[in-house]
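Scroll down for the structure; my scribbles are underneath it.
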Amino acid sequence: MPNPRKRRAGTAGAAGPDSKRPAGKHTKTRKPTGTSTRVGDSSPEKTSASKNCGNNQSSYWLMKSEPQSRIEKGVDVKFSIEDLKAEPKQTACWDGVRNYQARNFLRAMKLEQKAFFYHSNCKEPGIAGLVKIVKEAYPDHTQFEKNNPYYDPSSKEDNPKWSMVDVQFVRLMKRYITLTELKANHQAHKATGGPLKNMALFTHPRLSVQPLTPGKSRPYSLCYSHARMTP
DNA sequence: GCCAACGTTGGC
DNA sequence: GCCAACGTTGGC
């Protein structure tokens with residue numbers, strides 16, 4: 001059931017983001033490595049950010065979602081950053097990821113890490129805002145729901161294949177960063193060795209959940225092989 | 001384990 | 001709506 005699609009999210013499950021969270025989890029918002037990165041600044045060169053991809057992986061991610069209505073198996077998959085903002089607690093679960101690489105990245109996400117919210121499959125694709133991880137990976141309930149577009153009959157309750165995280169709205173970008181702009185920077189960086197030269201958005205265009213690398217750190221290809229472990 | 005057929009992604 | 005790129009499936 002290939003559905004390497006990104007996904008919208010539903011209200012953070014009945015088992016909401018905080019239901020069984022270790023209470024005192026008020027970790028300081030750890031800024032991505034000291035790098036100067038003003039995260040979420042509108043300059044695309046800075047949209048890649050954070051740590052290395054070694055063990056603790058990227059501290060910054062990019063997650064795609066479709067802001068426009070589209071019916072998939074009878075269900076509207078639309079989920080824009082405005083939709084996220086409108087959720088209770090501005091929080092939702094990121095369900096429906098059905099691609100192993102994307103899933104592995106979901107599983108690597110840590111509390112408080114941030115992700116750029118990317119609008120795909122729409123008039124003007126691009127980065128719309130910033131979200132943060134408020135619940136680490138747990139089983140995606142939609143894989144067991146027969147009437148759900150993301151139902152996966154091959155997944156067993158005692159060994160769920162697919163995971164999701166909960167994300168919370170942080171803010172919109174100061175200005176919308178279009179795919180066109182990102183691509184221009186990516187192209188330029190390929191020549192100059194700039195930080196976006198290996199941006200997964202272009203090197204792995206179908207990956208709906210992807211890590212971003214810090215300005216001068218290792219190329220994404222390394223992260224990629226690290227994350228490659230299991231299907 | 002190869003690989004052709006098929007399905008999906010997502011920009012255009 | 002088209003279609004190229006690419007992931008998945010399943011026969012062998």
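Every chain is numbered from 1, with letters handed out A, B, ... down the list of sequences.
Taking the ring axis of A:Tyr138 as reference, the NZ or CZ atom of A:Lys135 stays within 45° of it and closer than 6.0 Å to the ring centre.
Taking atom CG of residue A:Leu182 and atom P of nucleotide B:dG10, one finds them 15 Å apart after rounding to whole Å. Between A:Met63 atom CE and B:dT9 atom P there is a gap of 16 Å when expressed in whole angstrom units. When rounded to the nearest whole Å, the span between CG of A:Asn121 and C1' of B:dT8 equals 11 Å. Rounded to an integer number of Å, the gap from CZ of A:Arg70 to P of B:dG11 is 12 Å. Nucleotide B:dC12 holds its P atom 17 Å from the NE2 atom of A:His119, rounded to whole Å. Following rounding to the nearest Å, A:Phe79 (CZ) and B:dG10 (P) show an atom-to-atom distance of 17 Å. Distance OH (A:Tyr150) to P (B:dG7): 18 Å, rounded to an integer number of Å. Straight-line distance from the CD atom of A:Gln101 to the C1' atom of C:dT8: 12 Å, rounded to whole Å.
When each of B:dG10, B:dG11, C:dT8 is scored by its nearest atom to the side-chain atoms of A:Tyr100, the top-ranked nucleotide is C:dT8.
Between A:Lys64 and B:dG10, a side-chain N or O to OP1/OP2 separation shorter than 4.0 Å is present. Distances shorter than 4.0 Å separate none of the side-chain N or O atoms of A:Tyr118 from OP1 or OP2 on B:dT9.
Every residue was checked against the ring-ring contact (aromatic ring centres under 6.0 Å, His included) condition with A:Tyr176, not counting sequence neighbours, and none meets it. With sequence neighbours excluded, the residues satisfying side-chain contact (heavy atoms from CB on, under 4.5 Å) with A:Ser80 are A:Pro67, A:Lys78, A:Glu82, A:Asp83, A:His119. Partners of A:Lys156 according to the side-chain contact (heavy atoms from CB on, under 4.5 Å) rule, which considers only residues two or more places apart in sequence or in another chain, are A:Asp158. For the side-chain contact (heavy atoms from CB on, under 4.5 Å) test, residues two or more places apart in sequence or in another chain that qualify with A:Ala115 are A:Trp61, A:Met63, A:Val131. Listed by chain and residue number, nothing satisfies the side-chain contact (heavy atoms from CB on, under 4.5 Å) test with A:Pro205 (two or more places apart in sequence, or in another chain).
Side-chain contact between A:Lys132 and A:Leu111 is absent, with no heavy atoms from C-beta onward closer than 4.5 Å.
Residue A:Phe202 is out of contact with every strand shown, counting any heavy-atom pair closer than 4.0 Å.
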What protein N or O atoms touch nucleotides 2-6 of chain C N or O atoms at under 3.5 angstrom, if any, and at what distances?
residue: C:dC6; atom: O4'; partner: A:Arg206; partner atom: NH1; Å: 3.2
residue: C:dC6; atom: O2; partner: A:Arg206; partner atom: NH1; Å: 2.1

